[in-house]
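Scroll down for the structure; my scribbles are underneath it.
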Amino acid sequence: AAFVAASGESHPHLASFDTLLGDVENTAGDPVAAEATLRRAIARYDRIHGEGDPISLTARVSLAGVLAERDPDESLR
């Protein structure tokens with residue numbers, strides 16, 4: 001919370017942190033939290049680097065994995 005307050009919501013490290021946190025949440029068995037965190041990471045990447053920038057691919061692939069585990073058809077959307 002202190003880092004966000006000092007650096008702002010659009011700091012690039014926050015998107016990276018959210019990607020890692022989403023992976024941890026998924027591994028820990030909380031796909032709902034993982035999905036929300038990974039979507040937040042993607043939104044941050046898009047805001048910082050522009051929509052579809054390759055830097056967001058790690059978060060997008062992680063999100064696809066979370067969705068595929070929950071509903072294989074959903075991951076294709």
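Everything quoted here is computed from the prediction, not taken from an experiment. Every heavy atom of this structure was used, including side-chain atoms; hydrogens, water molecules and symmetry mates were not. This chain uses plain numbering: 1 for the first residue, then up along the sequence.
In this structure, I42 CD1 and L57 CG are separated by 9.5 Å, a value rounded to the nearest 0.5 Å. Between atom CZ of residue R40 and atom CG of residue L63 there is a gap of 13.0 Å, rounded to the nearest 0.5 Å. Annotation: the span from R39 atom CZ to D18 atom CG amounts to 13.5 Å, rounded to 0.5 Å. In this structure, CZ in R44 is found 10.0 Å from OG1 in T19, a value given to the nearest 0.5 Å.
Looking at every heavy atom in both residues, S56 comes nearest to D46 through OG-OD1, 4.4 Å. Annotation for G22 and A34: closest pair O-CB, 3.3 Å, computed over non-hydrogen atoms. For the residue pair A41 and A59, the shortest heavy atom distance occurs at CB-CB, 4.2 Å. Nearest heavy-atom pair across I55 and H49 is CG2-CD2, 3.4 Å.
Hydrophobic clustering (ILVMFWY, side-chain heavy atoms < 4.5 Å, transitive): L67 and L38 are in one cluster.
Cluster partners of L21, by chain and number: F17. The rule joins Ile, Leu, Val, Met, Phe, Trp and Tyr whenever side-chain heavy atoms lie under 4.5 Å apart.
For residues 21-34, the pairs satisfying side-chain hydrogen bond (donor to acceptor under 3.5 Å, both in side chains) are D23-S62, E25-T37, with sequence neighbours left out.
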